[in-house]
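In what follows, a structure is listed as structure tokens, so that the remarks can point back to it.
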Amino acid sequence: MKNMKNIFSKKALPYWLSFFVPFILFAGYFAYHGSNILTIDLGQQYIDFLAFVRRNLFSDPLNLIYSFQNGHGNSMIGTDAYYLLSPLNLLLFLFPLKILPYAIYVLISVKIALSGLTAFHYWNKKFNNTWSSLPASLAYALSGYAMAYFINLMWLDSVILLPILVMEIDKLLAGKKHHLVAVTCALWITNFYSGYMALLFGLIYFIARSTSEGIFLEKLWAYIKSSAIASFMSAVLLIPAASDLLLGKAKNSATWSMNFLFEPWQLFMKLLTGAYNFREMSAGLPNIFLTTLLFYLAIQYFFNKNFSAKEKWINGFVTLFFILSLSWIPLNLIWHMGQFPIWYPSRFSFVVIFWVIDLALKNLNNLDLKMGKVQPVLLIILSIAFVLEWIKLKPSFTFLNMSTILISGIYLFLSVLYCLVVCQDKDIKKSFFAVFVFTEVLVNLYLSLNNLTFQNNRDYEVYATNMREIYSKIQAKDPSFYRTAAVFSRDDDDSFSIGYNGLSTFNSLINNTTSDFVKNFGYAQSLNSYSMAGGNPISDSLFGVKYIIKPTTNIYSIPESERLQISNTAQVPTDKMIAHTRQLMAYVQPAVPMVFSSNTSLKFDLNVFNPVDSINNFAHNVLNNQKPYLMQFGLDNFKLKNAKKDKNSATNYIAKNANKDAYIKKTIKLSDNHSYYLLLSSDIISNNNIDVTVNDVKLTFPTKNGQNILIYMTQQSKGEKLRIKFKFKDSLDISSVQLVNMNVSQYNKDVIKFNTKQPTVSLTNPMTVETTSFKSGKYVKTTIPWSENWTAYVNGKKAQTTQYNNALLAVKTKPGQSIKVKLVFVPKMLYLGLLITLIATAIFWKFKKHIYK
């Protein structure tokens, strides 16, 4: 009861304010805009992962170890460690799954608020000064980092924990009881990536402060013991996550050089209020906004005679190190674990913001009222230089306009006024400090978020509700193991949201071997994603896609507020509908089982430049024939409009009048009832000046890495005409353009015959695949991605696994036997990590007193 009174006492009021002020400011902005917080990765990736954990954590937790919803199938441990292990994700269970976007809106707002609370707690304990700590905590909670990266909500736990980490290091240095082990574990576990950045900062902070106080060697062993044992205690997560990283992101080697990412002085462009927009997400400057006043107070710290020269030199060196880390490639790569960030530059800038605010508060709480002549002149010159530079560079930065420059100029003036005049008056400096910081934080929040656009929550909710409804009907009819696809998509992680085994993924922990493999078949791929876009009925069937979902014919008669937003529809090569809802229909197609018997070799040729060859070779290897299911032909004899052939190249066309669009057209009379595709080069797909229309319908292309892709055109009857038209400007090279004739009906007949001798496959749990009895060949092949963690059992006995085309799982068997196959995913690195964690935890509890000494 006494503790309850303390919580609601007058002394606790600043703590409540440190939480609710940033919560109200941040959540209030989005509440005014309909609570629509989804944008970029948050709306195209993270929401799917959060839907996945919301659906599986308590109902089917093995999915969090391995899941076929993760691309073609992959370990989930690295994904969990990077995206999903924040304990705050439990807040999602307070909301129905159907309103998940609103739950995420609340979750992010709470994380922002908690970062304000922990920062206030640290600085208030350190300086025993509420009036300075409360505005500073607000600046930390709603810093430029928070405004830029709140959409990467998994990093925000480290922002919350950073002040607690520094507090525990301070306790260690003071010889007091500390909880450095617990905080270090929390940072590793909630998000190992941003946690690593916070812990690296903790190391730098420990070295700086202990050296400044002359106790480095005295306290070093205590720091190493606590940090090391905590890291070993986190091994259950770190070791399997590292293993997953080695299959994906860590394979992409960064080019180390001594160059700068940008000129370091450009950093000061991000001190402007509202210095953020979409361009800054992908290739911008580090987000270091922390209010002008706090920045100036941090500069003033180095002129404050109340601090020793030794301390100021050490802290000055650390500050320079941080500035160089933001801009110099070697240091920047160290902070990012040796990998250049894909979008979202300088993801560690939250530690820099914390450091600078800490310096500002040191100065503010220990002011030197005897100001020399140098300091005022420097601050004034610095302010003038900032404004002149902002005006000069206005055309170079899209977030810059005269309004932001004017607003920032006013805060520059007020900051100089405060540092030189107001702070000398003890009676008014408190209220002025709070007002200056609060108003600039609010203005920055408003301007920064106004530069972004957000998706409507309704789009996700309608999509997810309708897809779950149709997929539940498919599952009710067929509980066996298969993959599902839709001829449209919301994003590459739809399978996580809906719960089906798919063909796409967008994940920083992507399996590069699988990604590179599927690229050969025309599936659109980028550095950390691949998509079923670019696929076709034959390639999908080979990978076990048994069911295809498409919109109903009357979908556009449904009111727009209730209707799915459909785009990029593709071919449905079957008329066998097995289920339908108001907006969607599900069709079944002949598909190769995901586990099948084979007498052909474990290797077939791939051609990354021509998916036609790869698909044919894959089909021949699976079906044990040499039928040309896909045939390709070059295109010529075009009709020209404002175009002519290049004299130096028979396949290059040039616009006669460069100021007008040029066209080349061709009409083809079809000689069969097959499907027709265009094989287009990456140059054509990525060229915004080239449009391709078929029968007056403009084709849409996937936007991934440059690669050649098959684009569906039509499935018309024999004798009908196919009209193809290319519109371009300047020139067009069609040397790599091929017309592809796809005999889907013959392929389907062969698959149906093939399947009569193949097993029924079931997924008994997310980590176990089993078959019914079937006659073995030389191999049992699968379209399950290869991993050394798969263990195979044939008729109950352990069997040797091998690789199918260096990418898929296979098992060697003796031909002619009646067999049942069981495949079990055994996460060896998880078990190794668990063993290390248990040993480290036992050591910690046994020698707890010695570790803390």
Side-chain angles (χ1 to χ4, degrees), residues 116 119-120 122-124 126-145 163 166 208 267-268 270-273 288-308 311-316 318-320 322-323 349-372 374-386 408-441 443-444:
F120 172 74
Y122 170 65
W123 283 318
N124 193 47
K126 181 175 183 177
F127 298 111
N128 193 27
N129 200 327
T130 300
W131 70 264
S132 64
S133 301
L134 194 56
S137 70
L138 178 66
Y140 178 72
L142 295 176
S143 66
Y145 183 90
V166 177
L267 274 174
F268 301 112
K270 298 310 284 283
L271 294 174
L272 286 107
T273 51
I288 57 169
F289 176 85
L290 47 83
T291 74
T292 314
L293 179 53
L294 284 166
F295 174 72
Y296 271 49
L297 286 168
I299 294 175
Q300 196 179 38
Y301 160 83
F302 293 100
F303 295 91
N304 193 328
K305 294 179 181 178
N306 289 327
F307 299 100
S308 69
E311 178 186 328
K312 287 189 286 186
W313 274 106
I314 290 172
N315 288 341
V318 172
T319 304
L320 178 62
F322 286 141
I323 292 173
S349 59
F350 70 96
V351 306
V352 181
I353 291 168
F354 179 86
W355 172 261
V356 175
I357 294 177
D358 194 62
L359 291 180
L361 290 182
K362 279 185 181 180
N363 175 58
L364 187 60
N365 285 282
N366 297 274
L367 279 174
D368 176 18
L369 299 179
K370 296 179 181 180
M371 194 177 299
V374 176
Q375 188 180 145
V377 174
L378 177 65
L379 292 180
I380 292 170
I381 292 175
L382 193 62
S383 300
I384 294 171
F386 280 161
S408 299
I410 292 171
Y411 278 107
L412 277 178
F413 171 75
L414 293 174
S415 298
V416 172
L417 184 67
Y418 185 92
C419 290
L420 300 183
V421 180
V422 176
C423 68
Q424 305 292 322
D425 191 318
K426 295 181 181 180
D427 295 326
I428 64 173
K429 71 176 181 178
K430 298 179 181 180
S431 56
F432 270 64
F433 179 72
V435 170
F436 285 2
V437 172
F438 177 86
T439 56
E440 191 172 7
V441 164
V443 171
N444 181 68

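Starting from 1, each residue takes its place in the sequence as its number.
Across F289 and L272, no two heavy atoms sit closer than the pair CD1-O, 3.6 Å. Shown here for G116 and S137, the closest heavy-atom pair between the two residues is O-CB, 3.3 Å.
A search for ring-ring contact (aromatic ring centres under 6.0 Å, His included) contacts involving F307 returns Y301, not counting sequence neighbours. Remark: W131 engages F433 in a ring-ring contact (aromatic ring centres under 6.0 Å, His included) (not counting sequence neighbours). The side chain to side chain contact (heavy atoms under 4.5 Å, CB included) search around F432 returns Y418, V422, I428, F436, not counting sequence neighbours. Every residue meeting the salt bridge (charged side-chain N to carboxylate O under 4.0 Å, His left out) condition with K126, not counting sequence neighbours, appears here in chain and number order: D358.
Aromatic pair Y122/F354: centroids less than 6.0 angstrom apart.
Distance check, rounded to the nearest 0.5 Å: CD1 of I357 to OG of S132 gives 11.5 Å. Considering CZ of F350 and OH of Y140, their distance stands at 6.5 Å, rounded to 0.5 Å. Once rounded to the nearest 0.5 Å, the distance linking CD1 of I353 with OH of Y145 reads 8.5 Å. With rounding to the nearest 0.5 Å, the separation of CG in N363 from NZ in K312 is 9.5 Å. Taking CG of L293 as the start and SG of C419 as the end, the distance is 5.5 Å to the nearest 0.5 Å. Separating the CH2 atom in W355 from the CD1 atom in I288 is a distance of 15.5 Å, to the nearest 0.5 Å.
Applying the salt bridge (Lys or Arg N to Asp or Glu O under 4.0 Å) definition to pairs two or more places apart or across chains, none involves residues 289-307.
Inter-residue side-chain proximity for S408 and F386 is flagged as unmet; no heavy-atom pair is nearer than 4.5 Å. Within the 4.5 Å cutoff, the side chain of K429 has heavy atoms near those of the L367 side chain. Residues T130 and F120 meet the side-chain proximity criterion, which asks for heavy atoms closer than 4.5 Å.
The side chain to side chain contact (heavy atoms under 4.5 Å, CB included) test with L364 is passed by exactly one of L297, L359, L294, N304: L297. Here the rule is side chain to side chain donor-acceptor pair (under 3.5 Å) with Y411, and of T292, T439, T291, T273 only T439 fits it.
For the residue pair N129/N365, the side-chain donor-acceptor check at 3.5 Å is satisfied.
A donor-acceptor pair under 3.5 Å is absent between the side-chain atoms of N366 and the main chain of N306, judged by distance alone.
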Could you list the donor-acceptor pairs under 3.5 angstrom formed between side-chain atoms of residues 374-384 and any protein atom two or more places apart in sequence or on another chain?
residue : atom : partner : partner atom : Å
Q375    : OE1  : Q300    : NE2          : 2.5
S383    : OG   : Y296    : OH           : 2.6
S383    : OG   : L379    : O            : 2.9

